[in-house]
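Ligands are counted one by one from 1 in listed order, and the atoms in each one are counted from 1 as well.
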Amino acid sequence: MKQKIDTIFPSLEQIPDEYKLSSPIEQTEYLINGEIRYWKGEMQAVYSPIFIKYGTEYKNYIGSYPLMGKEQSLGALDSAIAAYNNGKGKWSSMSIEERIECIKEFVFQMKTERETVVKLLMWEIGKSLGDSQKEFDRTVEYIMDTIDALKELDRASSRFVISQHVISQIRRTPLGVVLCMGPYNYPLNETFATLIPALIMGNTIIFKPPKLGVLLHKPLLEAFKKSFPSGVVNTVYGVGEKVITPLMESGKINVLAFIGSSKVADILKKLHPKPHRLKCILGLEAKNPAIILPDAEIESVAKECLMGATSFNGQRCTALKIIFVHKNIVEAFIEQLNKELSELIIGVPWEKDVSLTPLPEPNKSEYLSELIQDAIKYGAQITNKNSGGGYYHKSFFYPAVLFPVNEKMRIYREEQFGPIIPIVSYEDIEEPLNYIIQSNYGQQASIFGKDTNTIGKLIDTLVNQVCRVNINSQCQRGPDILPFTGRKDSAEGTLSVSDALKVFTIRTLVAAKESDLNKSIISNIVKEQKSTFLSTDYIF
Ligand code: G3H
């Protein structure tokens with residue numbers, strides 16, 4: 001295995017032509033006020049997690065993007081504010097039907113860039129070809145489902161409510177300027193999971209791509225420009241302190257949609273001078289546990305836990321990040337887990353059936369090694385050391401299965417966001433339950449076993465600690481129609497296809513006492529279509 005890892009990176013000739021980058025992508029373009037502008041200032045170099053071998057040397061430079069400053073960032077803000085124009089702008093006053101048409105046009109244009117975006121996902125974040133394609137297709141599907149959910153919402157809002165002699169119509173209206181920032185592990189999907197619903201509901205957008213996974217947005221700039229009125233979508237690039245701080249300090253951001261760490265989210269929230277005016281939709285870190293009961297079917301459970309812990313190399317907020325196994329089956333479980341693990345294919349993202357790929361964050365292998373050393377100091381072992389567990393070469397890190405893990409170790413509480421699988425042996429079910437209760441995180445948990453008495457009781461305890469309890473299944477966000485959220489430091493607000501439409505809006509109503517005059521005014525406005533809001537029309 002070690003030899004395989006040492007030779008994981010290809011030479012230029014070994015890369016299939018369709019996946020080669022013909023030259024580095026020097027992106028100077030950014031989108032502000034409906035114009036593609038060209039940056040002439042300082043640039044940020046982009047390095048791929050995939051190294052190319054030239055004899056004894058390795059190279060991984062794949063391009064660069066603008067390191068914008070306060071001036072450009074505030075320019076993007078002015079543009080978004082002007083486009084919103086206190087809710088009187090073209091975009092926010094458009095009918096829902098018209099906005100849907102613009103989004104459909106965007107999807108049409110976006111689909112023509114699938115191949116380029118998928119290729120850049122592989123090069124920028126090391127995601128496998130299959131998972132990169134899935135990320136793109138899931139995003140397109142999410143947008144189409146959002147359109148359907150909006151039609152549904154619109155149908156429900158196209159009626160009048162009469163109560164206590166008051167006639168009213170209630171609809172959802174936009175909030176203003178939304179700042180969207182997605183994470184590096186789903187740079188396309190999780191940026192668009194907030195950007196698209198915010199947009200379709202009539203808000204205007206400033207978006208900053210994550211620090212890794214920037215260049216893949218470049219092919220979509222033209223699609224944004226062509227599909228939406230000027231200033232409705234604006235992009236900023238650069239270091240957070242320089243471009244995001246001024247935006248938050250301006251007090252003019254109405255919604256912060258951020259997927260990343262709670263530490264950064266807290267800093268950003270505090271920068272806003274009037275926090276009560278800021279609505280936050282946050283997807284943050286997690287340390288989702290699996291609890292394996294003594295009657296679990298070891299073979300299938302080991303497979304599911306392995307997937308849960310290693311898909312995209314464990315770089316998912318929903319990944320299983322600690323596994324509690326009943327002491328009676330812990331040895332058999334570890335043996336099976338290591339057997340399954342040894343069958344996973346390692347390689348660069350386009351290799352056939354590859355599961356484990358290089359990691360994009362700088363110095364990530366060193367960080368993971370530190371966690372392992374710390375665990376060893378307090379009594380853990382790398383159970384798969386002989387098959388390469390914990391061994392790394394540059395950005396490729398082979399998963400380490402650590403056992404026995406205890407509370408003295410950093411890995412017990414710290415979110416590794418990478419391929420380390422810590423295993424804790426327990427005797428009493430209260431041990432994993434106490435772990436969850438004391439955790440700073442509260443996103444999801446997985447229970448594996450058969451006994452319905454135990455599982456039933458565990459469900460009732462866990463539903464008040466986390467926001468999704470999975471039975472004999474790994475933790476995950478999808479299907480995207482399900483609510484995705486968390487307690488404590490794991491999230492603020494709920495996302496799903498339909499929830500997202502709600503979080504980027506506020507319920508607003510028009511109401512009138514049920515007098516003859518008011519009835520005739522309302523009837524006339526509706527019949528003569530004198531208002532977009534006050535209307536009984538709906539979209540099929
Ligand atoms: O990184 C966090 C993602 O929201 C996880 O999503 O469960 O679909 O991989 P996923």
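- Using 4.0 Å as the threshold, Gln315 has no heavy atom nearer than that to any atom of ligand 1.
- Close contacts between ligand 1 and Arg138 involve ligand atoms 8 (O) [criterion: under 4.0 Å to a heavy atom].
- Annotation: Cys475 places no N or O atom under 3.5 Å from an N or O atom of ligand 1; distance criterion only.
- Between Phe397 and Lys364 there is no side-chain heavy-atom pair separated by less than 4.5 Å.
- Checking each of Glu124, Gln44, Lys208 against Val214 for a side-chain contact (heavy atoms from CB on, under 4.5 Å) leaves exactly one that passes, namely Glu124.
- Taking the six-membered ring for Trp and the full ring otherwise, the centers of Tyr237 and Tyr30 sit at least 6.0 Å from each other.
- Some N or O of Tyr186 is nearer than 3.5 Å to an N or O of ligand 1, by distance alone.
- In terms of protein heavy atoms, atom 5 (C) of ligand 1 is closest to Thr318 OG1, 3.2 Å.
- Put simply, part of Phe484 is less than 4.0 Å from ligand 1, judged by heavy atoms.
- Using a 4.0 Å cut-off to heavy atoms of Glu190, the atoms of ligand 1 that qualify are 1 (O), 2 (C), 3 (C), 4 (O).
- A salt bridge links Asp131 with Lys134: the closest approach of a Lys/Arg side-chain nitrogen to an acidic carboxylate oxygen falls below 4.0 angstrom.
- Exactly one of Tyr441, Tyr186, Phe484 qualifies for a side-chain contact (heavy atoms from CB on, under 4.5 Å) with Cys317. That residue is Phe484.
- At a heavy-atom distance under 4.0 Å, no atom of Ile259 approaches ligand 1.
- Between Phe9 and His393, the ring planes lie tilted relative to each other; the angle falls in the 30° to 60° range.
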